[in-house]
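Below: the structure, in structure tokens.
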Amino acid sequence: MFVLVVRDLTKRYGDFVALKGVSFEVRRGEVVGLIGENGAGKSTTIKIVVGLLTPTSGSVEFDGMDFFRNREKLKRKIGYVPETDSLYEDMKAEEFLKFFASLYKVKFDRRLMDVLKIPNKTIAEMSKGMKRKLSIARSLIHDPDYLIYDEPFSGLDPTISIALADFLKGLRDKAILFSAHNLYYVEYLCDRVVIMKSGRVIYEGSVEEVRGLKTYIVKTENGVVRTNDVDKLIEILKSERVLGLDVEVRRLEDLYFELIRR
């Protein structure tokens with residue numbers, strides 16, 4: 001089981017500290033969403049993980065190997081998509097993907113284009129959504145173990161976003177880390193979430209744990225009681241005349257805004 005381990009990352013720019021001891025893990029077959037406000041440190045973390053930035057301190061490991069000591073070897077295990085697509089606009093889609101396949105010294109497989117429904121047209125003529133699909137295809141061309149995506153759904157219409165999310169959901173032989181603002185896609189796609197604020201991790205847990213935080217709203221003759229304690233709920237049901245009972249299931253968005261406001 002391969003795993004990405006990020007430990008105590010800090011990043012300083014002069015007196016400004018962008019990251020303050022960021023730590024988390026991503027395992028094989030797992031999708032982890034990195035979320036937070038603008039300036040929380042998501043993109044800085046992503047860029048360090050893929051080797052575009054060097055941390056002031058801390059470590060990144062892939063498969064138990066230090067990334068910065070084995071950068072060239074480990075980069076072949078990573079498929080990366082930046083927040084802004086950087087494509088060769090004068091190339092056609094198939095030519096573009098064949099070029100990257102040649103760089104990685106792998107055989108080009110046109111099925112990627114078929115699965116993602118990418119037409120073989122000039123990139124300059126493509127919509128933003130189609131260009132995003134092409135970037136995803138490029139990141140997969142060498143069959144990497146790890147997919148690291150920075151805002152993969154940014155600026156896409158809902159139809160293309162859902163199609164991409166469903167495609168990524170099917171890649172269960174990979175370990176996927178992506179940053180995002182849209183919490184709907186994070187909750188739909190992710191197994192776990194890492195919430196950042198001001199360069200720190202303020203929450204890490206499974207999406208199921210978030211959904212499992214239920215609040216019971218009990219209306220009795222003496223008033224309304226809100227509780228997430230099942231024992232207390234049972235006690236109320238036994239001891240008081242209950243006029244109504246509702247269950248409120250917390251969503252990721254509720255937890256996110258609760259933590260950010262603190």
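For this chain, numbers begin at 1 and follow the sequence in order.
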(message) Main chain of Glu94, side chain of Asn120: is a donor-acceptor contact present, judged purely on distance under 3.5 Å?
(response) yes

(message) As an exercise, state the distance from CD1 of Ile35 to CD of Glu187, rounded to the nearest 0.5 Å.
(response) 9.5 Å

(message) Quick check: closest heavy atoms across Pro144 and Lys174, and the distance to 0.1 Å?
(response) O-NZ, 2.8 Å

(request) Inspect the contact between Lys219 and Glu240 and indicate whether a charged nitrogen and a carboxylate oxygen are less than 4.0 angstrom apart. (result) no

(message) Less than 4.0 angstrom from a charged side-chain N to a carboxylate O is my criterion; do Asp85 and Lys131 meet it?
(response) no

(message) Quick check: Phe178 with Phe153 (ring centres under 6.0 Å apart)?
(response) yes

Taking only distance into account, with no hydrogens and no angle test, what donor-acceptor pairs under 3.5 Å do side-chain atoms of residues 121-130 form with protein atoms, sequence neighbours excluded?
residue, atom, partner, partner atom, Å
Ser127, OG, Met130, N, 3.2

(request) List in chain and number order the residues that pass salt bridge (charged side-chain N to carboxylate O under 4.0 Å, His left out) with Asp8, two or more places apart in sequence or in another chain; answer none if no residue qualifies. (result) none

(request) Report yes if some heavy atom in the side chain of Val5 is under 4.5 Å from a heavy atom in the side chain of Val60; otherwise report no. (result) no

(request) Answer yes when Asp109 and Lys98 have at least one side-chain N-carboxylate O distance shorter than 4.0 Å, and no when they do not. (result) no

(request) Assert yes or no for the condition that the ring centre distance of Phe100 to Phe96 is strictly below 6.0 Å. (result) yes

(request) Using modelled atom types only, decide if a donor and an acceptor are shared between the side chain of His142 and the backbone of Ile78 within a distance under 3.5 Å. (result) yes

(message) Are there over 12 heavy-atom neighbours, none belonging to Lys47, within less than 6.0 Å of that residue's NZ?
(response) no

(request) Say whether, by atom type as modelled, one donor and one acceptor occur between the side chain of Arg192 and the main chain of Glu30 under 3.5 angstrom. (result) no

(message) Test of understanding: with salt bridge (charged side-chain N to carboxylate O under 4.0 Å, His left out), list the residues that count as partners of Arg138, not counting sequence neighbours.
(response) none

(request) Answer yes or no: is there a side-chain heavy-atom contact under 4.5 Å between Leu4 and Leu177? (result) yes

(request) May I ask you to check whether Tyr80 and Ser139 show a side-chain donor-acceptor distance below 3.5 Å? (result) no

(message) For the NZ atom on Lys73, are there more than 12 heavy atoms of other groups (residues, nucleotides or ligands in this structure) within a distance under 6.0 Å?
(response) no

(message) Any donor-acceptor pair under 3.5 Å linking the side-chain atoms of Tyr146 with those of Asp63?
(response) yes

(message) What I want to check is whether the side chains of Thr56 and Thr10 have a donor and an acceptor closer together than 3.5 Å.
(response) no

(message) Taking CZ in Arg7 as the centre, count heavy atoms belonging to other residues, nucleotides or ligands within less than 6.0 Å. Is the count above 12?
(response) yes

